[in-house]
Amino acid sequence: MNRRVFLKGSALAMFGVGFMPAWLSRSCYAADSSSGGRKKILVAIFQRGAVDGLNMVVPFGEPGYYALRPSIAIPKPDGTPNSAVDLDGFFGLHPALAPLKPMYDAQHLAIVDAVGSPDPTRSHFDAQDYMESGTPGYKGATDGWLNRALPVQSGPASPLRAVSLGDSLARTLRGHNDAVAVRSLNDFQVHDARGAATFESMYENSLDTMLHGTGKETFNAVKIMQSIQKQAYVPANGANYPNGGFGKSLQQIAQLIKANVGVEVAFADIGGWDTHVNETGGQPSTGQLANNLAQFGQALAAFYQDLGDRMEDVTLVTMSEFGRTVKENGDRGTDHGHANVMFVLGGDVRGGKIYGDWPGLQEEQLYDGRDLALTTDFRDVLGELVARHLGNSNLKSVFPGYESPKFRGLLV
Amino acid sequence: MTFNGYRLMKTSSTFLAPALCGILLALPAAASGKTRKPADDAKLFQKKLPKDEQILHALDRLTFGPRPGDIERVKRIGLKKWLDQQLHPDRLAENPVLEAQLQALESLRMTPMEAVQHYPSQQMIRAIANGKQPMPDDLLLRASVERLITRYKVKQAEAAGLAAPPPDANAELEPVRALDEVLAPGELETIRTGNAERKHELLESMPQERIEDMLIAMNPKQRTQLFGAAPSPIRREIMLLNSPQQVVAYDLLDSKMLRAVESTRQLAEELDDFWFNHFNVFYEKGSDRFLIPQYEREAIRPHVLGQFRDLLEATAKSPAMLFFLDNFESVRPDIDANDKKRKVKRGLNENYGRELMELHTLGVNGGYTQKDVTEVARCFTGWGIQEPRKGGGFFYNDKLHDKGEKIVLGHVIAAGGGIDDGEQVLDILARHPSTAHFISKELAQHFVADNPPESLVNRMAQTFRSTNGSIREVMKTMLNSKEFWSEGAYRAKLKSPFEMVASSARALDAHVIDGWALANQVGTLGEPLYRKLEPTGYSNLSSEWVNSAALLGRMNFALQLAQNHVESVKVDVSRFGDDPSAVAKMLMFRAMSPQTRAAIDKALEDKKQKNPAMVAALVIGSPDFQKR
């Protein structure tokens, strides 16, 4: 059936496209959900530039850590704000990540260490590409794992099923399923109602293979978004998102989740982790890494607080393309390395625990004699979330070439 | 199923929700367009474009879009001659209007040292406050620096734990003269409550001296409120007073936009954008804030059609790149080994060595290893900057150089070398077949198609090798190819946000008083100029720019521009009339697609929309106009 004609004759037209009461939108996308009437949601976060995982989750119980990082190591926990925040007597959080400690204590935050992509590349671009496509070492994939992770939908799907926050559609959300890039929820509209209708018709009917599909998805999403734009958003439970793009992205993801418009997967990224210089370990409260981690930690904490009970349905996972050299370089920074650390946060996460096998930092234990060795494939973590949280057990198609990820038991 | 829902809905509100759900959920099911494969490209690249379309194609690809009259101009002088002119921009007279506009943008011509003094950073303010640098002579700058120093001292006092800052410290932040001493009551009224137009008139009528007195007497907030209404020289003065470093960014953005819209040397401007992205540096990284004007002026612009080896060395030795990729801090690994006093040992930094091979020359699959990265980094130890925070130039420090033997891509670089180690690496890389291929492919992706035919890339690479990397000759090979002038290339690219904004202004023949607001629009569409953090620069691929947020942004920009709502840009749409076909012909220089045409016809049934500005906006925001 011609969608446009249909739309005109539908009940939606009676209400006017812009008017959709909150109760209606809520009940809408809940209708065919399998568990308790609401869909599970997976939020993926990318730390672009290769975060220094060893200063993010500090192995303070490992003597090699202090030997190889004489000027940038984070001091052992001593209760002061300049030292690591103890997690389990061996690992601790960078002090700028202290806002995450309550989530860890509440057993909603799990940490996976020595994890990453098995591909040896130390190119940011390639490594990000592999991690987003979910096919390390294989460049032929044009779509991303997060798009493929969407469960097969028997009926029609929400145009906001897959949302990418930021200026472009993330690589990981490209693919067969509709996905929209949203820079700002309030700005997601054509600022001229009559012009909007004309543009919609142009893009919808366009024969241009590049623009037709995206144009159509865009206008479908615009209609849903109008109901959200009507009210000013106030984060719940006193959640306080930090200034800056990443805080804004997470706030908008929370807003979309709470508006019940059918979001199932969402993506946001945060850059600036390529710390070749000045990690300043002795004064961990200063420097680029500390500032970035503070923003990162505060945003995750605010998201958790804002969603409150709704975290039941949500799992958030963080990743970065590779780790950094164990040994500091000549500029109190670190160069490109191998394995890294991932966070998994959510109501059904078996948190308060550090997962993965710690490979050690003695010289013979290092990858290439310089980097943290990898003991968990990132697809083991993502695969478990896709299969057990999103309920898509067809991992063969989500991670082609990696058919049986070894689940770590991250979820309840 | 849905019709049932519709009926039930009428009779019982209980069923209302599920019924609507069905309807809403049905919407996207029809979307399937993107799975369609593009037509058989190989054949299309063999199919020659008709003659008339060749000129349009050349203007689409080698310029920031045609302006009214361009097609006739190219016809008059002949396509071949026009191409030759564009390939030799130094023989082509520049647009005098543009040159006059650029003349006002002083920071573009400054050395980094001058820039850092004229537009002082926070560090410089500290140095002046502590008496290590002299106070500037310029009246406005002096006022600005004095205020910034006071602010700095107040902060210092607070940080030092003084319970309250000295009582007069805040008072010092206030201007010496009250605003009502400088302005007459009527003028004051206009400045406070007048609309933008009235403010603008007043500013235009005031002599320069009084404007300066007024700006100095204002507080920062009052100046900011004046910014939108101010002509561009006054804007620069406002920035100079409020936050001097912003002037450099402003001049960069303004000039980039003005050149794209108004330069006669269009291909050189396209290539400037291409090479700046290829050798990307990021404005927000420390000293790069004042190093970029020199970088673009001296390392990029002179070489856009020159020898690749020269371009490569110019970037390698530029303070902007040395700073951005940290090489200025990379030193021989053993330098502090025996220095017990140094707690923090300096050493090697691989950042530049890696990106030099991955992004600047060989490409990621160009055949280098991690070992090569380390060896290349060793070769460049000692390549640094003289006083990096104060705007010094390239400086090679032999004491910091690793003198050992290195092996780069199988070539032995003998022990005992100096600055020539790095130069040898540049030779090896510039001559490497992977570089010839990588650069040729990038150019073909930018100018021909996202997936250019391999045969074309190979021919371009062959020219690259046989001419020692002459960019002009590689471009000629591309411009003499059948692939460039084929159906496969015709309108196969999506405009980047920069190209979209510039081409809109050109098509509308807009009068760009100041390019700053247009540059901000480019940022909104996803390509903030000079602000790409990753060393990759912005992509040459169309797919990078296709997404919902950016598409909506393009439509909104079209509406704003055509309706004269973009600051400092004036568009005269009166010549258009309201016949959509005629408007499309005047803006796109070809007919629009039947789909776009049908949508606009439908819109014009509503009389309120039947005005030239709206029709122009609909054309510029259409899918057709996004292609080049």
Check your understanding: Checking heavy atoms, do the side chain of Val190(A), its backbone, both or neither come under 4.5 Å from chain B?
Key -> both

Check your understanding: Using non-hydrogen atoms only, which part of Asp606(B) is less than 4.5 Å away from chain A: side chain, backbone, both, or neither?
Key -> side chain

Point to revise | Gln560(B) portion near chain A, given a 4.5 angstrom heavy-atom threshold | key: neither

**Study point:** Residue list, side chain to side chain donor-acceptor pair (under 3.5 Å) with Ser249(A), at least two apart or on another chain
**Key:** none

Review point. Where does Asp368(A) contact chain B at under 4.5 Å (heavy atoms): side chain, backbone, both or neither?
Key: neither

**Study point:** Lys627(B) charged N/C atom sitting above Tyr490(B) aromatic ring, 6.0 Å / 45°
**Key:** no

Check your understanding: Cut-off 3.5 Å, side chains only: do Thr369(B) and Asp372(B) have a donor facing an acceptor?
Key -> yes

**Study point:** Interface moiety of Arg171(A) toward chain B, non-hydrogen atoms closer than 4.5 Å
**Key:** neither

**Study point:** Under 4.5 Å from any heavy atom of chain A - which part of Val364(B)
**Key:** side chain

Study note, to complete from the structure: Assert top hit (heavy-atom pairs under 4.5 Å, partner chain A, pool Gly526(B), Ser622(B), Ala603(B)) equals Ser622(B)

Practice item. With a 4.5 angstrom heavy-atom cut-off, could you sort out which part of Asp335(A) is near chain B: side chain, backbone, both or neither? Key: side chain

Exercise for review: Answer yes or no: is there a side-chain heavy-atom contact under 4.5 Å between Phe380(B) and Leu325(B)?
Suggested key: no

Practice item. Could you walk me through whether Glu264(A) and Arg161(A) pass the salt bridge (Lys or Arg N to Asp or Glu O under 4.0 Å) test, one step at a time? Key: CA-CA 5 Å; Glu264(A) 289 172 67; Arg161(A) 249 191 128 186; 2.5 Å; yes

Check your understanding: At a heavy-atom separation under 4.5 Å, does Gln189(A) approach chain B through its side chain, its backbone, both, or neither?
Key -> backbone

Point to revise | Arg554(B) side chain reached by Leu525(B) side chain, heavy atoms, under 4.5 Å | key: yes

Practice item. Would you tell me whether Ser593(B) and Asp624(B) have side-chain atoms, one donor and one acceptor, within less than 3.5 Å of each other? Key: yes

**Study point:** Part of Asp326(B) within contact of chain A (heavy atom distance under 4.5 Å)
**Key:** both

Point to revise | Side chain / backbone / both / neither for Ala617(B) at chain A, heavy atoms under 4.5 Å | key: backbone

Review point. Given that the side chain runs from C-beta out, which part of Asp450(B) has a heavy atom under 4.5 Å from chain A: side chain, backbone, both or neither?
Key: neither

Point to revise | Glu217(A) and Ser548(B): side chain donor to acceptor below 3.5 Å | key: no

